[in-house]
Chemist: 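Please read through the structure below; I'll follow up with questions.
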Amino acid sequence: MAKNITKRDEDYSEWYLDVIRAAELADYAPVRGCMVVRPTGYALWEHVQEQFDRRFKETGHVNAYFPLLIPHSFLEKEAKHVEGFAPECAVVTHAGGEELEEPLVVRPTSETIIGHMYSKWVQSWRDLPILINQWCNVMRWEKRPRLFLRTSEFLWQEGHTAHATREEAVEETLRMLEVYREVMEDELALPVIPGEKTEGERFPGADNTYTCETMMSDRKALQAGTSHFLGQNFAKAFDIQFQSEAGQLEYAWTTSWGASTRLIGALVMTHSDDDGLVLPPRVAPTQVVILPLSNDQGRMDEILLPRAREVEARLNGVLGPRRVLIDTQFHLRPADRFFHHLQRGVPLRLELGERELEEGTLRYVRRDTGEKGSFPLDRAAEEVPALLGRIQRDLHAKALKFRQDNTHEVSSFAEFQEVLASSGGFITGYFGGSKEDERAIKEATGATPRCFPLADQRTGKCFYTGQEGARRVIFAKAY
RNA sequence: CGGGGUGUAGCGCAGUCUGGUUAGCGCGCUUGGUUCGGGACCAAGAGGUCGGAGGUUCAAAUCCUCUCACCCCGACCA
C-alpha cells in the first residue's frame, strides 16, 4: 500500500492533498490560495477542455477573449451581482506608478464586461443570437481556499450568450446544462444530477440557475458546473437593446454558463483510492504505460524496448497520439516503477518481460480494480481499447452505485436531521420552503439544498413546512 | 472574519517546558555494490541563516515582544 498517502478513512482532507501531491497535479504557489498547475495536472485539464470545447463548437459557439481587468463601476450596474461578487474581488488601484482614476477589478466572472461589449454589438434582431465562449482565468478571493476546489485564481470557461427571445435563452441555458452533463458523465465518469437551484443558491443576478451536482467519496456534494438564465437583468443593466423584426426596441435575453478546474478536484474525490490518483481513461493524459521488464540491460535495449515500441506504435494507431508511455526508468526496481504510475492514475499498465516475450503475450493490470490478466501481444490494438472502455464504464458505475447507496429519502425534518447525523450523503424529499427556511436548515444541520432534479417532476408534501405540492429536492452538505 | 493548530533539510517529525560544545531521526536525494515480476539491503555522501524582526543573556531552535505565513473547523463561494 502507498506509504506516502494518508488513508482516506483517517483524514479525508489530508488524503485529498496527498493524492494531488503524489500525482504531481498541482503545488502551492507563494501567494495565498493560489496554485501552480503542474504539467500532469495541466495535461488533464487540456483533455477536459478538449471535450467541452468540441461540444461548444458543435452547438454553434465560438471562442473569444475579453480582458482580465474590469472597471469597478461595471460591477455596480447590476445590484445583486455587485452584492454577490464585490466582497471577493481583487482590485487594482495603482498602475504605471500612479493611482488609477477608477479602480479596476480582476474579473471574478465576465458578465459585466461582456454585457458592455454586447450592447455595442447588438442593434438588430439580425445580430442575435450571440454565442461566445471564453477560456480564461478568474479571481475570487475566497476565505478558505482548497486546491482545485476553491483557489483564489482558477481556470475555467465561461459562455455568454444573448438572444432575441426568452424561450430561446431558456433553451440555450438547458442545452448547455445538457452539454455539461454529457461531458461529466461520458468523459469524466462523474454521475451528476442536473437540476435547478433554489432561490437561495442562485447566481447573483440570474433569474434561474441550473447545476450539475455530484457526490464525492466522502458523501459531500460538489457543484460541478452551472448554467444561468439571466433574464433581461444584464441586458437592462448594460443596455443590450435591439430592434425586433416588428420594429420594436427590446432588451435581449442572456445566459451564462461555466465549468472550472474544480472538475479536477471532482475527479480526484470521485475515483481515487488509498494508493493515489485514479483517472477515467477518456481524460487520462497517459492512458497506458508499457513496462519492459528485464534484469539484463542488453536484452532490454536490443529486444524488449524495440518490442515495446512496436506495441506503442500499434496502440497509437487506435488511441491517438501521446496516450501511451513506455517506462524507461531502468534505474528503479519493478515495484517502484509500478507505484510511480499507480499513483499518477494511469488507467492501464502493460508489462512486457522475459515471460511475456517467451509466451508472446502482454500482461495487463487495471489501475481501478487491480485486476490482472494477459492477452496475445498481437491482439493489443483490440484488447487495450476494450479494457480502457471497461475501466471507463466501471468507474462510472461504481461512482453511481456509491451515490445511490448514500442517498436517503425523508418525509420530515426530524428524519432529515437523523439521516444527516447518522449516514450523511444526499437526502431526497419534497421541499417547498423559502429562502429563510433554507437558511434555517443550513444553520441547524450544515446541509443546503443542492437542486431540484430536472428528471423528477413529482410533487408532494414538504418535509420542512408540511405544505403540499412541493417539488422534489436534494439536500446535502457541500463543498 | 471567529475558533483551534503548526512553522526546525525536498517531505514527515524529535529537540523548546528546564537556554550550554559541531541541531538530530525516518523517508526521499547522490555515488558504489548486492538485489530486482507489487514500495529491498549494505556502505559512503550532499543537504539547515531552526518562518521573520527586535529584545534579554557570557550564551537563544529553546525565554520575552512584535510580526508574517500556512493548515484544520466554521461563516462566504465554481
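Each chain gets a letter, A, B and so on, in the order the sequences are listed, and its residues count up from 1. All figures in this text were calculated on a predicted structure; none of them were measured in a lab. All heavy atoms count here, side chains included; hydrogens, waters and symmetry mates do not.
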Chemist: In residues 356-370 of chain A, what residues come within less than 4.0 Å of RNA chain B, judged by heavy atoms?
Modeler: Glu356(A), Arg363(A), Val365(A)
Chemist: Rounded to whole angstrom, note down the C1' distance from rA61(B) over to rG7(B).
Modeler: 12 Å
Chemist: Taking the six-membered ring for Trp and the single ring otherwise, decide whether the centroids of Tyr118(A) and Phe238(A) are under 6.0 Å apart.
Modeler: no
Chemist: If the C1' atom of rU22(B) is compared with that of rC36(B), how far apart are they to the nearest Å?
Modeler: 40 Å
Chemist: Under 4.0 angstrom, heavy atoms only, what part of the nucleic acid is Gly353(A) near: base, sugar-phosphate, or nothing?
Modeler: base
Chemist: Between N or O atoms, less than 3.5 Å apart, protein on one side and nucleotides 74-77 of chain B on the other: list the pairs.
Modeler:
unit_1: rC76(B); atom_1: OP2; unit_2: Lys442(A); atom_2: NZ; d: 2.3
unit_1: rC76(B); atom_1: O2; unit_2: Glu142(A); atom_2: OE1; d: 3.4
unit_1: rC77(B); atom_1: O2'; unit_2: Glu142(A); atom_2: OE2; d: 2.8
unit_1: rC77(B); atom_1: N3; unit_2: Arg150(A); atom_2: NH1; d: 3.2

Chemist: Considering only atom C1', compute the distance from rG2(B) to rU62(B) and round it to an integer number of Å.
Modeler: 31 Å
Chemist: When Watson-Crick pairs (N1 to N3 and N6-O4 or O6-N4) and G-U wobble pairs (N1-O2 and O6-N3) count only below 3.5 Å on both distances, what is the dot-bracket string of RNA chain B, with | for other-strand pairs?
Modeler: ((((((((.[[[[.)....(...]]]].((((((.....)))))).....[[[[[..)....]]]]])))))))....
Chemist: At under 4.0 Å between heavy atoms, what does Gln343(A) touch on the DNA or RNA strands: base, sugar-phosphate, or nothing?
Modeler: base
Chemist: Between Leu293(A) and Arg202(A), name the one whose nearest nucleotide on RNA chain B is closer to the 5' end.
Modeler: Leu293(A)
Chemist: Among rC72(B), rG37(B), rG38(B), which nucleotide sits nearest the side chain of Glu351(A)?
Modeler: rG37(B)
Chemist: Take atom C1' in rG54(B) and the same atom in rC68(B), then report the distance between them in whole Å.
Modeler: 14 Å
Chemist: Base, sugar-phosphate, or nothing for Leu263(A), non-hydrogen atoms under 4.0 angstrom?
Modeler: nothing
Chemist: Select base, sugar-phosphate, or nothing to describe what Thr151(A) touches, counting heavy atoms under 4.0 Å on all strands.
Modeler: base
Chemist: In whole angstrom, give me the gap between the P atoms of rC63(B) and rC17(B).
Modeler: 5 Å
Chemist: Ring centres of Phe52(A) and Tyr180(A) under 6.0 Å apart?
Modeler: yes
Chemist: Measuring from the side chain of Ala335(A) (C-beta onward, heavy atoms only), which nucleotide among rA78(B), rC72(B), rG38(B) has the closest atom?
Modeler: rG38(B)
Chemist: Would you measure the distance from the C1' atom in rA60(B) across to the matching atom in rU49(B) and give it in whole Å?
Modeler: 14 Å
Chemist: Among rC36(B), rG38(B), rA78(B), which is the nearest nucleotide to the side chain of Pro334(A)?
Modeler: rC36(B)
Chemist: If you check the Phe339(A) side chain, which of rC72(B), rG38(B), rC36(B) turns out closest?
Modeler: rG38(B)
Chemist: If I pick the P atom on rC13(B) and the same atom on rU31(B), what distance separates them, to the nearest angstrom?
Modeler: 29 Å
Chemist: Write down the distance separating the C1' atoms in rG19(B) and rG15(B), rounded off to the nearest Å.
Modeler: 13 Å
